[in-house]
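Report on the following structure.
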Amino acid sequence: MSTGETGDGSEQGVLPIDPGAPRSAGDEELTQPVAPPTKAPGQTQPQQAQPQAAQAQPAQPSRPRPASIREGVLTVEDHLEKILRGIGPLAAYDQPLVESLGLPLHEAFVSPMDLPLFDNSSMDGYAVRSEDVAMAGPDNPVMLPVVGEIQAGSAKPFAISAGTAVKIMTGAPIPRGADAVVPLEDTDRGNARVQIFASAKRGDRIRPRGEDVTKGDTVLGEGTVLGPREIGLLAALGAPRVKARPRPRVVVISTGSELREPGTHLDYDSINDGNSYMLAAAVREAGAICYRVGAVDDNPRTFQRVLSEQLVRADLVVTSGGISKGDHDVVKETLSALGTVEFNEVAMQPGKPQGFGRVFDEQTPIITLPGNAVSAYVSFEVFVLPAIRRMMGRTPYRRPMVHAVLASDIRSRPGVRQYVRGVFEVTHRGAKVTPLAGAGSHLVGTLAKANALIIVGEDQTALNMGDTVRTLVLDRPF
Ligand SMILES: Nc1nc2c(c(=O)[nH]1)N[C@H]1C(S)=C(S)[C@@H](COP(=O)(O)OP(=O)(O)OC[C@H]3O[C@@H](n4cnc5c(N)ncnc54)[C@H](O)[C@@H]3O)O[C@H]1N2
Ligand code: MOO
């Protein structure tokens, strides 16, 4: 059995797309214009195109809503759509080549030159005229005077005349008049004169100009995700920079007066700030640049000050904690007052409380995640990862789902989409996923054992051993 990838992870087929990326059916409604890059004082990268503010563009219920979801609760799709509508692709500009690793090429790359750029030798040996060595053999050496030596990088324009040879190194330009190279091993390696013990045909051991790439060829299409091979090719073609959307700069802030920096003293009532490290790593894994801000306490003034200080370097802010129903939910309290961030209950577990909007004059997008570690992780996977990919112009935005056979029963309550931690493996019988025991949103030990999230739909209350289930296989590049 194959692992049956089902394409984009969207449940109902809505795949919002950025204007620069290839389109597929159903994308039109979220196509947005991209403004030219602008630079605010102190910014190191052009700002992202400003799409509609979240509150100005309420999510349109564009697909059937599972019947079991309570009124007033957003579906996962609704919340994701709201985020993707509210966060546009960053404006593309020239990126240093190595920095472009993992970014999609903004426009097709047309080769400005032939590769190889000139006929050159594929071996160390002697450049000759093939007709001069046509009769050469082990018992019938041909003796030729050596009129010079050409190394790779030698600028000397060489030409040979009939009955002569030039010593030549791998990669060096073939002198005019020569049409073959005899390798050193088939000669006596002479310097003034050389004995040649093998014949050579026209073109032997010559790498001809334009053999690999012809000037004017489209060598990399628009949207090609740049890896080491593509970057190597671009450099070989003389491009020190390449046009791509930049890596988004994501500021990660965790909130909670109980949080301490790992490695510092813990009182009986304090815990280590695991989330900001987990989220920072996830941001980086998604291909973005992360600025991890240590934990801030539950004082709204502190939170507001830290947030506003950070915006100068943020294309996106991600917070964890402080958004549920408690008395000291600092993120919700502070940002609700601004009126540009909406907090909702989303029909998912873990990850029920969520928020999204824009903040301050910069109108920087902010995604607020719940504080429970597993909730923060799952929320990142479901909402932040697609947003980062959209900013970079990487499609699909969402991780493709994989079908796998369930190894033990799962029970769920109706009205929420459950993301159950599991272990995915491919056995000789096909793809299999085993749910891990322990559903608590605080269980980071279990989270670290998982490599997959099993999806239980909103209207499903049970998945049984042997069922084929939808699974997000984590950590896989896509
Ligand atoms: N009365 C209700 N209480 C709660 C509800 C509810 O609906 N009614 N929802 C629960 C759910 S579900 C979640 S999820 C959490 C989300 O709460 P917050 O986003 O406000 O998060 P906090 O209260 O700040 O923290 C929750 C939990 O996570 C720990 N935490 C927070 N930050 C970190 C961090 N950076 N590293 C490690 N652990 C962290 C924190 O200590 C708490 O234990 O609310 C439920 N409550
Ligand atoms: O929804 Mo909370 O995220 O279950 O723990």
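Counting starts at 1 for both ligands and their atoms, following the listed order. Everything quoted here is computed from the prediction, not taken from an experiment. When reading the values below, keep in mind they use all heavy atoms of this one structure, side chains included, and skip hydrogens, waters and symmetry mates.
- Interface atoms of ligand 2 facing Pro350, defined by a heavy-atom separation under 4.0 Å, are 1 (O), 3 (O), 4 (O).
- A donor-acceptor contact closer than 3.5 angstrom is absent between the side chains of Tyr291 and Arg249.
- Every atom of ligand 2 is numbered from 1 in the order shown, and the set under 4.0 Å from a heavy atom of Asn372 is 5 (O).
- For the atom pair CG (Asn299) and NE2 (His328), the distance works out to 11.5 Å, reported to the nearest 0.5 Å.
- In this structure, OG in Ser412 is found 10.5 Å from CG in Asp459, a value given to the nearest 0.5 Å.
- Considering only non-hydrogen protein atoms, atom 4 (O) of ligand 2 sits nearest to Gln349 NE2, 2.9 Å.
- Those atoms of ligand 2 that come under 4.0 Å of a heavy atom in Ser375, given as number and element, are 2 (Mo), 3 (O), 5 (O).
- Closest of all the heavy-atom pairs between Glu99 and Arg247 is O-NH2, 2.8 Å.
- Contact annotation: the side chain of Phe109 never approaches that of Leu233 to less than 4.5 Å [non-hydrogen atoms, C-beta and beyond].
- Atom 5 (O) of ligand 2 has its closest protein heavy atom at Ser441 OG, 2.5 Å.
- Lys82 and Glu77 are not joined by a salt bridge, as no carboxylate oxygen comes within less than 4.0 angstrom of a charged side-chain nitrogen.
- Close approach of ligand 2 to Lys352 is summarised as follows: ligand atoms under 4.0 Å from at least one heavy atom of the residue are 1 (O), 3 (O).
- Relative to the ring axis of Phe118, Arg207 does not place its NZ or CZ within 45° and under 6.0 Å from the centre.
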Any chance you could lay out the salt bridge (Lys or Arg N to Asp or Glu O under 4.0 Å) test for Glu345 and Arg70, step after step, and finish with the verdict?
CA-CA 10 Å; Glu345 186 173 324; Arg70 281 189 294 115; 2.6 Å; yes

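- On a distance-only criterion, Gly351 and ligand 2 share at least one N/O pair closer than 3.5 Å.
- Closer than 4.0 angstrom to ligand 1 lie heavy atoms from Ser254, Thr255, Glu258, Leu259, Ile271, Asn272, Asp273, Gly274, Asn275, Ser320, Gly321, Gly322, Ile323, Ser324, Lys325, Asp329, Lys352, Pro353, Pro370, Gly371, Asn372, Ser375.
- At least one side-chain heavy atom of Leu117 sits under 4.5 Å from a side-chain heavy atom of Arg209.
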